[in-house]
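The block underneath contains the structure these notes are about, expressed in structure tokens.
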Amino acid sequence: MFTKPVLLVIAHGSRDPRHAATVHALVRRVRSLRPDVRVETGFLDFNIPSVQGVLESLAAQGVRDVVALPLLLTRAFHAKADIPAVLRDAPPQLRIRQAEVLGPSPLLMAALERRLYEAGLTPADKSSTGVVLASAGSTDPEAIAVIAEIAREWRHTGWCAVRPAFASASLPRTEDAVRELRELGCERVAVAPYVLAPGFLPDRIARGAAEADVLADVLGAAPEVARVLLERYDAARVPALAAVGA
């Protein structure tokens with residue numbers, strides 16, 4: 001039935017059951033967009049099935065080609081170290097290509113705005129609203145620089161101001177960015193979590209948004225996120241065609 005490589009979505013995993021539920025909802029949306037692609041889900045920790053377990057099962061079923069897609073927004077430690085290490089231990093008969101992480105992408109910025117509008121803002125509010133782009137945080141300088149650049153680019157789309165914030169490892173915290181936007185004179189302040197699923201760090205972002213006027217939901221199974229997954233999958237599965245067309 002399926003002739004294309006299997007898409008293996010690799011999620012971090014969490015003790016919080018909302019995390020896995022959100023990942024599965026996103027994968028269901030991806031499947032609905034591309035019924036010709038077999039999509040599987042594996043978790044690095046806390047949840048089942050594990051990435052290794054899925055890979056072994058695929059190999060036992062005779063699958064040969066897999067695109068492993070990190071369900072991550074930035075190229076931090078998990079994308080650079082954890083996931084490649086797991087994939088190196090995959091059954092040798094599998095040909096695995098690791099796709100790029102999801103961000104940055106204009107589609108993700110569109111998903112952020114979708115969530116803000118769902119939380120009560122309108123396009124007419126943009127010029128008077130300051131936005132905190134609240135991410136999980138990282139010790140990886142590349143990941144931090146990407147978040148800062150996204151905030152700068154987003155500001156140019158018409159918001160009063162946009163400030164990055166981090167739930168861990170880096171500063172400022174969400175509550176500090178909210179106060180800064182207040183001091184800048186923004187009429188209202190909104191917090192946009194740049195995270196994929198609920199969990200410990202998104203809850204910390206929510207607590208930091210206590211003094212904001214608007215708190216958007218996580219990106220979750222937004223249709224734009226599903227489209228990014230498929231963009232990354234297509235780019236990874238046809239590198240030879242891309243080279244021919246160059």
For Glu142 and Lys80: C-alpha separation, side-chain torsions, deciding distance, then whether salt bridge (Lys or Arg N to Asp or Glu O under 4.0 Å) applies.
CA-CA 11 Å; Glu142 179 186 349; Lys80 295 177 179 178; 2.7 Å; yes
If the threshold is 4.0 Å, N to carboxylate O, is there a salt bridge linking [X] and [Y]?
X      : Y      : answer
Glu211 : Arg182 : no
Arg18  : Asp203 : yes
Asp234 : Arg34  : yes
Arg95  : Asp65  : yes
Asp176 : Arg179 : yes

Would the distance check show the side chain of [X] and the main-chain N or O of [Y] forming a donor-acceptor pair, the cut-off being under 3.5 Å?
X      : Y      : result
His19  : Gly13  : yes
Arg75  : Val101 : no
Asn47  : Ser14  : yes
Arg115 : Leu219 : yes
Ser170 : Ser138 : yes
Arg38  : Pro35  : no
Arg97  : Val67  : no
Asp213 : Val189 : yes
Arg155 : Cys160 : yes
Lys4   : Asp36  : no

Verdict with supporting geometry, Leu58 and Val54, side-chain contact (heavy atoms from CB on, under 4.5 Å):
CA-CA 6 Å; Leu58 291 173; Val54 175; 4.0 Å; yes
Should [X] and [Y] be regarded as members of a common hydrophobic cluster, given that ILVMFWY residues are connected when their side-chain heavy atoms come within less than 4.5 Å of each other, either directly or indirectly?
X      : Y      : answer
Leu26  : Leu7   : yes
Leu72  : Val228 : no
Ile205 : Tyr194 : no
Leu69  : Leu8   : no
Val6   : Val27  : no

With the side chain counted from C-beta on, respond yes when [X] and [Y] share a heavy-atom pair under 4.5 Å apart, and no when they do not.
X      : Y      : result
Val63  : Val66  : yes
Val146 : Leu73  : no
Tyr233 : Val39  : no
Ile10  : Leu87  : yes
Glu224 : Leu108 : no
Val37  : Phe2   : no
Thr174 : Arg163 : no
Phe43  : Ile48  : no

Rounded to the nearest 0.5 Å, what's the gap from [atom1] on [X] to [atom2] on [Y]? Could you check?
X      : Y      : atom1 : atom2 : answer
Ile96  : Ile83  : CD1   : CD1   : 12.0 Å
Ser135 : Leu201 : OG    : CG    : 9.5 Å
Arg28  : Leu33  : CZ    : CG    : 13.5 Å
Leu71  : Thr41  : CG    : OG1   : 8.5 Å
Leu133 : Trp154 : CG    : CH2   : 6.0 Å
Thr122 : Tyr117 : OG1   : OH    : 7.5 Å

Above 12 or not: heavy atoms from other molecules or residues under 6.0 Å from CZ of Arg31?
yes
Flag for Arg204-Ser168: side-chain donor and acceptor within less than 3.5 Å:
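The criterion, which ignores hydrogens and geometry beyond distance, is not satisfied for Arg204 and Ser168.
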I'd like to know if the side chain of Glu113 pairs up with that of Trp159 as donor and acceptor (distance under 3.5 Å, no hydrogens or angles considered).
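There is such a pair between these side chains.
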Steps toward side-chain contact (heavy atoms from CB on, under 4.5 Å) verdict (Arg232, Leu102)
CA-CA 7 Å; Arg232 298 293 184 257; Leu102 304 186; 4.3 Å; yes
Centroid-centroid distance, Phe200 to His12, less than 6.0 Å
no
